[in-house]
Structure formats: structure tokens, C-alpha cells
Q: 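Quick one: the structure is below, questions incoming.
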Protein chains: 2
Amino acid sequence: MAIFIKTSNCSVCNLKMNLFRFLDKEQLAYINKTRHEVKFHKGETIFKQGGPLTHIACLTSGNAKVYIESHLNKNTILKILKPSELVGGPGFYVDYRHHFSVSALTESTACFIDVHVFEEMIKINTSFAMEFIKYLNNITIKLYDKLISLTHKQMHGRISDTLLYLSKEIYNSNTFQTMLSRQDLADLSAMTKESAIRILKEFKDEGIIDFSTNIFNILKEDVLVKISKTG
Amino acid sequence: MAIFIKTSNCSVCNLKMNLFRFLDKEQLAYINKTRHEVKFHKGETIFKQGGPLTHIACLTSGNAKVYIESHLNKNTILKILKPSELVGGPGFYVDYRHHFSVSALTESTACFIDVHVFEEMIKINTSFAMEFIKYLNNITIKLYDKLISLTHKQMHGRISDTLLYLSKEIYNSNTFQTMLSRQDLADLSAMTKESAIRILKEFKDEGIIDFSTNIFNILKEDVLVKISKTG
DNA sequence: GTAAAAAAATGATATATATCAAGAATATTA
DNA sequence: TAATATTCTTGATATATATCATTTTTTTAC
């Protein structure tokens, strides 16, 4: 079960991209007063697709996956969240529902900000609003990349993209241990887990990567990049 | 060649969703003074992916396609634009480049608004900014639907989605004449034109649709909806 | 209106990918 | 630590989809 805790070690989540740097002291204090932090266990749901969007969350520790569930019993993982990353969702100002689910991959904490408070900031602080639009557009650009990767490339290219994404953008290392299951890797790459496993094995046999269960090592990054480019 | 013309029959494009209804008289007059209208011939490029994003456009007549070009010589059509529809792009506030191309499907006119003027409106008018965020989020929601359609469904489901999209959202009729080529229909459905042609023929043989060249008639919408749902 | 070009359609075939079933490894619980 | 459940792996096979070559139809240009 998720536990509600009040902590003070997060000055509005230390947002890396810092959306909140445009708020003045008073505005920041207001957000800090109303926000609250929640602990999640591995596997627990942070946001549920279809559920009401009442808060924006900022992951303060751990990792989480953001994924869309379709009525065909398939999931597509949009992205992996890192600490200090904000997650809201396109239901904001629209239908106030979640259009994806978010669940914890590890023990995590997330800081929740009431959506009304967030809206208030947009209303009274133009710079904040502009920065928020920039933030949204950055997400859209990445979504375009994902769309093209998943629809224009075949499996080898898609698995390469997933491996490069994890090493470059999530774990910042060619060697990493992940809590993602093979099914998760498949859900990131739009294929079945069996296909994902087979291609990972191929890459291993060719000496491009190495792995045992959940520890991965990218040996020939340039080859992965090449496969990613040729699709 | 694109022709620059100044007209006065478009009070800032009569935006249907009316983003501009939140501007006051003075702000509206300012936009009207700086905007200009351009005529495009069929096939001409309105925005070019990778090119500089200097203006936001509003289609005032005709139809256009919005598509992403990948380095694999494949295109994905994101959407078809109808008159009064706004098109900017996620480069706004980010890198000021176009992340998709837009080209005219028919003789069209588009009204161009300088991106600086648009930014100024966001800066000075909070309601306008909020409405713009809402507009962006609506686009993202539709993009999620597209992503799921293209990655979770197989060809019959994707062609069904494309046909339903055209009849429901673009032409508002079960019978419609389109300027989209078979390649365009394929680019909307993430498959080769040969595959698109084959599935259209199947649907025709089964009496679900009828068509000759570019005039389509959806005979059994419920069947298309069912195929769309089962994937 | 005819010739040329472009787009659409078809068939044969190759390839990519999913499905199903089973066994092996790993993690979880008592 | 044994027992159980879960995840991972593999192989065999079926299906979905792309590719290539060719013909037919439609559009464009003269």
C-alpha cells in the first residue's frame, strides 16, 4: 500500500529541467505547503490510465514506467521515469483523466502537487506557463521519435533503440542493471517478449552486447547505432 | 509557387476550436495586422521538416497532410488538416524547427502568424496560454491513439481506423472523395501501398466498403468498428 | 485525342514476426 | 531449505507483411 508522508528534503522536487525555477519565493512556498510525498513499493501503481487526474507527480527517488494499456491486452511503454522527473499527462485542461498508467519499477517516492495549484501557477506566472509549454513540446518531439522507431523500423532496429535509450538516457552507462523484465523490454520495443529475447540473444552471440538475467553490458555501441539507423 | 496575398476575409482564421476567442479586440487587431495569407497548389509544401519554424499556420481553405519523414524513405501521416485548423509544431519554444512536414492535398490557402506575435499573446494573455496548453494536450491524446493503433493492431485494424478517421473526422460522411493516394492511405496506416490496396480490395469483396479510384463509400460502418476494436 | 507518365492493381515469393508448447532458470514464499 | 510460482528461454510452426516484377488503369501533357 502507498504510504503518505510529509518530508521537507525536496524543495519542489529539485526538478532537473527546472520548470520551477521561474516561480518566486512566495509561489514556491505555496507549492511546497500543498505538496506531499508518497512512498511506492516495486510494482505499485502511481497513476492509473482512465483514472482521475487530480495531481501532477514528480518522482523523487527510484524508477517508474509510463505505459499505455490497450484493450488488446498489450502495453506500450512510453518512457522510464528517473528521479526529479515530472509526470502529468495530456488530460490536463482537457478531461482530467490519465491517458497512461505509471507504475514503480523499484521502491520509489513521488511528490504530488494538486493540479489546481499547478494551474494557479500557470495563471499567475507567464514564464512558468511558457516553460511548461516548452516541457510539453519536448515530450511531443520524443514521442514522434518513438512513433517512427516503432513503425518504420523492424525488430533489430527497435531493440537497438531500446538498449541505447536505457544506456544513454536512463542509466548513463554502457553497463547497467535494470528492473525491467523481458516483457517490459518488449513493451518498449513493440514486439512479443519471445521476439525480444531472441534478438537479445542474437546480439549476444554476435558480441554486440552481453547480459545475464538483468545485468546488461553494451560492448559495441557503434554497431547498435548502425542497426538503429538502418532500421 | 506559393503566392503571398493579403486578404481580410479571415478574422484570424475563424478558428473553429477557437483558440483566439480569448484575445481582446486590441490583441486580435494586432494579430490581424501582422498575419498574411498564402495560396498553395496541390502537392506544394507548406512546412518542411527540419526547416525553421518562424510562423504558425492556419489552414483557411483546402486540405493538407501533416507527416513525418524518416531517413528510411518512409512517411507517417499524422493527420489531415481541415479548413480553420491551426498547425504549429513542437519546435515552438524548443528548437524552432519543424518536426514534421505539411503539404497541400488540394488547392489551399493558409494564414501565417509570426511565431513572435504568437508568443507575445501567450505572454500577455493567460487565458490564451491555458487554451493553448489544452490545444497541445488534445493533440497528444490523439497521438497516443495513433501510436496504439499503429503498434497494437494488424493491417485490417489499421486500415479500418484510417477509413473511420477519414469518414468521421475529415469528410463527415460515409461517402467521400479524397485526394489521398493509395500511398497516402498506406502512410496513414503504417504499411506498404500494396498491402493497403490488398486490404481495401478485401473489404470491397466482403461488401464492407465500395470504391472506385478515389471515391469511397463505407457500407458497413459497424463491421469496420468491430475490426478496429479486435485489432 | 493521343502519347507519355504516373498511379493502382495483381500475383508470386521471401521475410519478418507472432503463437503455442514445453522446458530451464530464477525468484518468492512457507 | 523445500516447494511453488514466476519469469526466461528454446524450438517448431503458423501467420502477417514486405518485396519485386508485371500488367492494368488513370492522369497529365502536348
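Letters A, B, ... are given to chains in the order of the sequence lines, protein chains preceding strands, and every chain is numbered from 1.
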Q: Taking B:Arg182 first and then B:Glu194, would you say they form a salt bridge - that is, a charged N and a carboxylate O separated by under 4.0 Å?
A: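 B:Glu194 and B:Arg182: not salt-bridged.
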Q: Expressed as a whole number of angstroms, how long is the span from B:Arg182:CZ to D:dT26:P?
A: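 One finds 10 Å between P of D:dT26 and CZ of B:Arg182, rounded.
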Q: What is the distance, to the nearest angstrom, from the CG atom on A:Leu200 to the C1' atom on D:dT10?
A: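 Going from CG in A:Leu200 over to C1' in D:dT10 covers 14 Å.
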Q: Find the distance B:His152:NE2 to D:dA16:C1' and express it as a whole number of Å.
A: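 Rounded to whole Å, this separation is 17 Å.
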Q: Can you tell me how far C1' of D:dT17 sits from CD1 of B:Ile199, to the nearest Å?
A: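 It is 9 Å, rounded to the nearest whole Å.
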Q: With nearest nucleotides of DNA chain C determined for B:Gln154 and A:Lys42 from heavy-atom distances, which residue corresponds to the more 5′ nucleotide?
A: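 Nearest-nucleotide comparison on DNA chain C picks B:Gln154.
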Q: Look at the side-chain N and O atoms of A:Thr213 and state whether any lies under 4.0 Å from the OP1 or OP2 oxygen of C:dT26.
A: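 No, outside the criterion.
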Q: Between A:Ser228 and A:Asp161, is the side-chain hydrogen bond (donor to acceptor under 3.5 Å, both in side chains) condition met? List the steps.
A: CA-CA 6 Å; A:Ser228 163; A:Asp161 282 343; 2.6 Å; yes
Q: How is B:Thr192 classified with respect to the nucleic acid when contacts are heavy atoms under 4.0 Å: base, sugar-phosphate, or nothing?
A: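 Base contact.
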Q: Give a yes or no on whether a salt bridge exists between A:Glu221 and A:Lys226, defined as a side-chain N under 4.0 angstrom from a carboxylate O.
A: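 No, no charged N to carboxylate O under 4.0 Å.
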Q: Rounded to whole angstrom units, what separation is found between the CE atom of B:Met179 and the C1' atom of C:dA7?
A: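 Taking CE of B:Met179 and C1' of C:dA7, I get 12 Å after rounding.
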Q: Whole angstrom is fine here: how far is it from CD in B:Gln183 over to C1' in D:dT27?
A: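 Whole-Å distance recorded here is 17 Å.
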Q: Which part of the nucleic acid does B:Lys193 contact within heavy-atom distance under 4.0 Å: base, sugar-phosphate only, or nothing?
A: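 Here B:Lys193 touches no strand at all.
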Q: Please determine, for the side chain of B:Ser181, which listed nucleotide (D:dA18, D:dT10, C:dA8) has the closest atom?
A: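 Nearest listed nucleotide: C:dA8.
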Q: Among C:dC20, C:dA9, C:dT17, find the nucleotide with the atom closest to the side chain of B:Ile197.
A: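 Comparing C:dC20, C:dA9, C:dT17 against the side chain of B:Ile197, the answer is C:dA9.
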Q: Measure CZ/A:Phe211 against P/D:dC8 and give the value in whole Å, please.
A: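 The distance from CZ of A:Phe211 to P of D:dC8 comes to 11 Å, rounded to the nearest Å.
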Q: Nearest-Å distance, CD1 (A:Ile215) to P (C:dA27)?
A: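 Rounded to the whole Å, the gap is 10 Å.
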Q: Between B:His98 and B:Phe47, is the ring centre distance below 6.0 Å?
A: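 Under 6.0 Å, so yes.
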Q: May I ask you to decide whether A:Asp205 forms a salt bridge with A:Lys201, counting only side-chain N to carboxylate O separations under 4.0 Å?
A: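 Yes, A:Asp205 and A:Lys201 are salt-bridged.
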Q: If you take atom types as modelled and just measure distance, does the side chain of B:Arg198 reach the base of D:dT19 with a donor-acceptor pair under 3.5 Å?
A: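 Side chain to base: pair found, below 3.5 Å.
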Q: With nearest nucleotides of DNA chain C determined for A:Lys153 and B:Glu194 from heavy-atom distances, which residue corresponds to the more 5′ nucleotide?
A: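 By nearest-heavy-atom nucleotide position, the 5'-most residue is B:Glu194.
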